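Side chains are part of it too, since the values below use all heavy atoms of this structure and drop only hydrogens, waters and symmetry mates. Predicted, not measured: the structure shown is a model, and the values here were computed from it.
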Amino acid sequence: MSTRIAFLKGHGTENDFVIVPDPENAVDLPPAAVAALCDRRAGIGGDGLLHVVRSAAHPEAKAMAAEAEWFMDYRNGDGSIAEMCGNGVRVFARYLRHAGLVAEGDLAIATRAGVKGVHLAKDGDITVAMGSARLPEGDVTVSVGERSWPARNVNMGNPHAVAFVDDLAHAGDLHAPPPVNPASAYPDGVNVEFVVDRGPRHVALRVHERGSGETRSCGTGACAVAVAAARRDGADPSVTGSPATYTVDVPGGRLVITERPDGEIEMTGPAVIVAEGEIDPEWLENVVG
């Protein structure tokens, strides 16, 4: 690494990301480098990293290049690879607009969970077509200390366990992953959401994100929560024939989730670019070293 590497910092409802533009996939980002960049004391700080690559230049995305020019090579804050990040897609789209690479309106973004349709509205909000949820069968339980709750297993391209609780404080400190049983339900780990009701079709959550700890927001988690709430409330759109829209409060803001009768889920919320600069390559080489 002989030249400095550009970066930006952005967030979606305070789910924050280091953004590394790298159209030709020329920057090596091993897990140790990602973890160092996401470190909040010794690095730039973020819940995860958005590696911005042209789909045609990335081996995992070449097959999607005809549908989507850009690939979101998303990494968790610990450097591990993730399939999808809903807030990350909005921030990724905001970066593309900020850099003049796309216009307002509709665009497609490739992810490890497939191609996602995105709409950049003139008012600044961004809507992401998140695909449909899968609801694996089998009972799941989430525990914190001596308390435990039944949870809904929801897969949004990444795995979630959604537990409805009486008080969000019951989630504890969320520093460590809450135990989920059976562990075999989530062989690659799981995002765990604790949810309370705020009003009709209005809920609030706290979340432990796999590989990142408690975060201020989780887009796929908000979608999983809305799906679980709709099933609990008897508002499954595939049964009623009507869309179900839930307002989901996260610690960092508010998201609006709509599930349509055909199963498509749309997430709408803000995304902001807050800073940009350069990474010192010598520092990065030393921390990876």
Are side-chain heavy atoms of [X] and [Y] found at a separation under 4.5 Å?
X: Tyr74; Y: Leu49; value: no
X: Val196; Y: Val203; value: no
X: Trp70; Y: Pro23; value: yes
X: Thr127; Y: Val118; value: no
X: Glu214; Y: Glu209; value: no
X: Leu284; Y: Ile5; value: yes
X: Thr13; Y: Pro270; value: yes
X: Met267; Y: Thr220; value: no

Any chance you could measure [X], atom [atom1], to [Y], atom [atom2], to the nearest 0.5 Å?
X: Asn76; Y: Cys38; atom1: CG; atom2: SG; answer: 9.0 Å
X: Lys122; Y: Glu104; atom1: NZ; atom2: CD; answer: 6.5 Å
X: Phe17; Y: Cys85; atom1: CZ; atom2: SG; answer: 3.5 Å
X: His202; Y: Asp249; atom1: NE2; atom2: CG; answer: 3.5 Å
X: Lys62; Y: Ser55; atom1: NZ; atom2: OG; answer: 11.5 Å
X: Arg90; Y: Ile109; atom1: CZ; atom2: CD1; answer: 11.5 Å

Using a strict 4.0 Å threshold on nitrogen-to-oxygen distance, state whether [X] and [Y] make a salt bridge.
X: Glu193; Y: Arg152; answer: no
X: Glu83; Y: Arg112; answer: no
X: Glu259; Y: Arg231; answer: yes
X: Asp125; Y: Arg94; answer: no
X: Lys9; Y: Glu276; answer: no

Nearest heavy-atom neighbours spanning [X] and [Y]:
X: Thr240; Y: Gly234; result: CG2-O, 3.9 Å
X: Ala113; Y: Met84; result: CB-CB, 3.8 Å
X: Ala271; Y: Ile126; result: CB-CD1, 3.9 Å
X: Leu255; Y: Ser217; result: CD1-OG, 4.0 Å
X: Thr258; Y: Pro243; result: CG2-CB, 4.1 Å
X: Ala65; Y: Ala56; result: CB-N, 3.9 Å

Count I, L, V, M, F, W, Y as connected when their side-chain heavy atoms are under 4.5 Å apart, and connections chain through other members. Are [X] and [Y] then in the same cluster?
X: Val180; Y: Val165; result: yes
X: Met156; Y: Leu50; result: yes
X: Val91; Y: Leu101; result: yes
X: Leu168; Y: Val248; result: no
X: Val154; Y: Val250; result: yes

Derivation and outcome, side chain to side chain contact (heavy atoms under 4.5 Å, CB included), residues Arg4 and Asp280 | CA-CA 6 Å; Arg4 290 178 178 266; Asp280 186 326; 4.0 Å; yes
Derivation and outcome, side chain to side chain donor-acceptor pair (under 3.5 Å), residues Thr215 and Asp47 | CA-CA 7 Å; Thr215 60; Asp47 293 321; 5.0 Å; no
So, the side chain of [X] versus the backbone of [Y]: is there a donor-acceptor pair under 3.5 Å, distance only?
X: His160; Y: Val162; value: no
X: Asn191; Y: Arg210; value: yes
X: Glu264; Y: Gly131; value: yes
X: Arg97; Y: Val102; value: yes
X: Asp22; Y: Val27; value: yes

Any side-chain donor paired with an acceptor under 3.5 Å for [X] and [Y]?
X: Asp73; Y: His51; result: yes
X: Ser143; Y: Ser148; result: no
X: Asn181; Y: Thr141; result: no

Over 12 foreign heavy atoms within 6.0 Å of CG, Asp39 = yes
Heavy atoms of other groups near Asp166 CG, more than 12 under 6.0 Å | no
Exactly one of Val20, Val18, Leu8, Asp16 clears side chain to side chain contact (heavy atoms under 4.5 Å, CB included) with Ile44, and that residue is Val18
Do Phe194 and Trp149 have ring centroids that are under 6.0 Å from one another?
-> yes
Check against side chain to side chain donor-acceptor pair (under 3.5 Å), Tyr246 and Asp233 = CA-CA 11 Å; Tyr246 280 78; Asp233 297 342; 2.6 Å; yes
Quick one: do Asp197 and Arg232 satisfy salt bridge (charged side-chain N to carboxylate O under 4.0 Å, His left out)? Show the steps, please.
-> CA-CA 12 Å; Asp197 289 298; Arg232 180 200 63 174; 2.8 Å; yes
